Asker: 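Quick one: structure below, then a few questions.
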Amino acid sequence: MPDWQKARVIANVPAADDIRSLVVAPSEWVPHRAGQHYELRIPGTDISRKYSVVSTPYDAGRLEFGVQLLANGALSPRLWALAPGDALEIRGPWGESFLWDAQSGGTPVLIGAGSGITPLLCIYDTCRAARPSAKPIFIMSAKDKGRIMHYEKLEDILVTRFTAEAGRIDADFLRTHVVDAAPGPDASCYVCGPDTFIDSVVDDLLDLGLPPDRIRSEKFD
Amino acid sequence: MSESQKLAVSELHVYPVKSCAGWTLDRAEAVATGFAHDREWMVADSEGGFITQRQYPKMALIRPSLSPEGLTLEAPGLPKIVVPIIEDGARVPVIVWESPCTAVDQGKAVSEWLSGYLGKECRLVRMAPEFQRGVKEKYRKSGKEVVGFADSMPFLLTSQASLDDLNSKLADKLPMDRFRPNIVVSGGAAFQEDAWKKIRIGSVVFRVSKACVRCEITTVDQRTGEKGGEPLETLGKYRTGPKGVMFGQNLIHENIGALQVDDIVEVIE
């Protein structure tokens, strides 16, 4: 089992209106599997929270996290305040239920909301690196484009649902952008975001006939 | 039916304050909202959001008890506090996941006690007597199903056989209290409860409504408040479904009555 280790902050910069990209160098980096997360905490405190790894397992020696600022948050305000050179403690990688591997993973169909983008970014980039001929589908629901992490890198490939204009993702949207997009029989859906987003999207995907063993989700609460 | 197949209640548990230590009982009354006193109280932050072991694992060490004087809370390093029950006090809006509720603030003294223990502004609340928190629409049948401050359902059932199966894969065996069930069933096969649709225990009939998707509270040692990686890592390898890692089944009762340890569990459907 992983243990707590020190990590040094390399960069901490804005990546969306309410998300910062926090990059750290762990004392002992190991390659994670796409979809996994670490626990983070400020040294000398006992409040830890889970953050998905955004960077790919090919990016040796560094780990990128997306930290969404929660006004009432016990940790995110402190992570936002970190500067290059500051120390952090991390534990991981964890996660066996939300993974994509080049060997066994099918074409990823990624469906996210808000900070749920983080493990999906990792799966997307890892897939592009490991299986360049694959055609992943990447769907993001957000209030507007300012809320999407690394939007400028993604805007050409992203299927977006801006809830401020169009409301929440529904079954019709998923029928058009998942079922009708025909990603192929090896496609696997990865859904990540708040609790109610997961419930609604997963229920819709099941109702649309997608097999349960081809749907995986990770709740961010 | 052979001895190993006989299904019976082996444990009954009630958790009066959401996310705090529970009571182990020989007998429990199923009332409208679930077992009497189960999740009757909850800790809420200054915006009415619910606070749980997900954010503050040391809540596992808060031990509640009930007496004619009220609700007593004990926690390591603090003098115990007796909270006279305020049925009809200041109403506060609170929210459990997406479910808004009207609750009654249980007062300043316990608020200070809890805030000091957790290191966060918070208060103790109890469901307002006039407020009925309905179970989620899609799981209702009569339309009258209600629940207290539990996440979504009046009961959680787990089986000893399922825990034994999980523990066979773990170097450090875990106790059932990681899963915070209300009813534990002994006998039968691992994960048999996933196939049940309706069961009877004593005079109470239960609909088996959905698999319980587990969160990181299962990784908290309920005796020490320490968080680890199990059981989610191992369950993640073989118990993952579309909505996450599953262990146990949520139940909705169709009538009220008393359950006792050793009651036979009858699978009707």
Side-chain angles (χ1 to χ4, degrees), chain A residues 1-4 33 35-39 41 45-50 70-76 91-99 109 111 168 188-221, chain B residues 44-58 95-99 118-122 136-139 151-152 169-172 194 210-211 213-220 224-247:
Chain A
M1 281 284 132
D3 218 336
W4 286 101
R33 295 166 73 186
Q36 286 192 308
H37 61 270
Y38 274 78
E39 292 169 281
R41 77 179 177 201
T45 69
D46 63 1
I47 302 276
S48 66
R49 295 284 183 267
K50 304 184 313 185
L70 301 174
N72 221 1
L75 185 59
S76 59
R91 181 166 69 167
W94 296 118
E96 293 289 336
S97 56
F98 191 78
L99 299 171
V109 176
I111 309 170
R168 294 180 171 187
S188 274
C189 293
Y190 292 86
V191 190
C192 189
D195 197 67
T196 43
F197 177 80
I198 303 279
D199 277 344
S200 160
V201 170
V202 171
D203 282 346
D204 285 344
L205 291 173
L206 290 167
D207 288 343
L208 286 166
L210 272 84
D213 64 353
R214 290 281 168 182
I215 301 171
R216 289 294 174 257
S217 58
E218 181 125 293
K219 290 188 182 186
F220 276 22
D221 50 46
Chain B
D45 66 25
S46 49
E47 334 248 271
F50 67 115
I51 294 180
T52 70
Q53 288 186 34
R54 284 176 197 90
Q55 307 117 311
Y56 297 94
K58 57 197 270 199
I95 186 151
V96 182
W97 294 111
E98 294 268 311
S99 174
L118 296 180
K120 179 185 174 68
E121 276 301 306
C122 60
K136 260 190 220 175
E137 191 73 55
K138 71 185 208 190
Y139 299 110
D151 279 353
S152 63
K169 303 178 197 299
L170 293 174
D172 296 323
D194 294 345
K210 68 170 186 65
V213 172
R214 309 312 314 221
C215 70
E216 57 193 300
I217 294 181
T218 57
T219 67
V220 178
T224 64
E226 297 281 310
K227 238 193 212 186
E230 295 292 4
L232 289 184
E233 293 294 287
T234 297
L235 285 176
K237 292 178 190 166
Y238 78 119
R239 292 288 303 169
T240 298
K243 290 194 181 172
V245 175
M246 302 173 298
F247 190 95

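Bear in mind the structure is a predicted one, so any value in this text is a computation, not a measurement.
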Asker: Quick check on B/Arg54 against chain A: is it the side chain, the backbone, both or neither that has a heavy atom closer than 4.5 Å?
Answerer: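 Both parts, backbone and side chain.
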Asker: Determine whether B/Asp172 and B/Glu230 make a side-chain contact, defined as any pair of heavy atoms from C-beta on separated by less than 4.5 Å.
Answerer: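 A side-chain contact under 4.5 Å is absent here.
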Asker: Given that the side chain runs from C-beta out, which part of B/Glu233 has a heavy atom under 4.5 Å from chain A: side chain, backbone, both or neither?
Answerer: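 Contact with chain A involves both backbone and side-chain atoms of B/Glu233.
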Asker: Given that the side chain runs from C-beta out, which part of A/Arg214 has a heavy atom under 4.5 Å from chain B: side chain, backbone, both or neither?
Answerer: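 Looking at A/Arg214, nothing touches chain B.
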Asker: Is B/Tyr56 in contact with chain A via its backbone, its side chain, both, or neither, using a 4.5 Å heavy-atom distance?
Answerer: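 Side chain only.
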Asker: Using non-hydrogen atoms only, which part of A/Asp213 is less than 4.5 Å away from chain B: side chain, backbone, both, or neither?
Answerer: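 Neither part.
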Asker: My understanding is that only one of A/Val201, A/Val109, A/Val202 makes a side chain to side chain contact (heavy atoms under 4.5 Å, CB included) with A/Cys189; could you say which?
Answerer: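 Among A/Val201, A/Val109, A/Val202, the one that satisfies the side chain to side chain contact (heavy atoms under 4.5 Å, CB included) with A/Cys189 is A/Val109.
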Asker: If you count heavy-atom pairs under 4.5 Å between each of A/Lys219, A/Arg49, A/Met1 and chain B, which one has the most?
Answerer: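 The residue among A/Lys219, A/Arg49, A/Met1 with the greatest pair count is A/Arg49.
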Asker: Report which part of A/Glu39 has an atom under 4.5 Å of a heavy atom belonging to chain B: side chain, backbone, both, or neither.
Answerer: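 Side chain only.
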Asker: With chain A as the partner, which of B/Lys237, B/Lys243, B/Gln55 has the greatest number of non-hydrogen pairs under 4.5 Å?
Answerer: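 Among the listed options, the one with the most contacts to chain A is B/Lys243.
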Asker: Distance from B/Thr240 atom OG1 to B/Leu232 atom CG, nearest 0.5 Å?
Answerer: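 Taking OG1 in B/Thr240 and CG in B/Leu232, the distance rounds to 9.5 Å.
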Asker: Using a 3.5 Å distance criterion without hydrogens, assess whether the side chain of B/Arg239 forms a donor-acceptor pair with backbone atoms of B/Val245.
Answerer: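 Here the side-chain-to-backbone pair does not exist.
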Asker: Return yes if some donor-acceptor pair links the side-chain N/O of B/Thr219 with the main-chain N/O of B/Glu216 below 3.5 Å, else return no.
Answerer: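 Yes; at least one donor-acceptor contact below 3.5 Å.
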Asker: For A/Ile47, which atoms come within 4.5 Å of any heavy atom of chain B: side chain, backbone, both, or neither?
Answerer: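 Just the side chain, heavy atoms under 4.5 Å.
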Asker: Is chain A contacted by the side chain of B/Lys120, its backbone, both, or neither, given a heavy-atom distance below 4.5 Å?
Answerer: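 Just its side chain gets close to chain A.
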Asker: Looking at B/Gly225 and B/Pro57, what are the two nearest heavy atoms and their distance?
Answerer: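 Scanning both residues, the minimum pair turns out to be O-CB, 3.4 Å.
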Asker: Considering non-hydrogen atoms only, spot the tightest contact between A/Ile198 and A/Cys192 and give its length.
Answerer: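 Minimum heavy-atom contact is CD1-CA, 3.9 Å.
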Asker: Looking at B/Lys138 and A/Asp203, does any basic side-chain N land under 4.0 Å from a carboxylate oxygen?
Answerer: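 Looking at A/Asp203 together with B/Lys138, the answer is yes, because their closest N to O distance falls below 4.0 Å.
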Asker: Looking at A/Leu75, A/Thr196, A/Asp46, which one has more heavy-atom pairs under 4.5 Å with chain B than the rest?
Answerer: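 The residue among A/Leu75, A/Thr196, A/Asp46 with the greatest pair count is A/Thr196.
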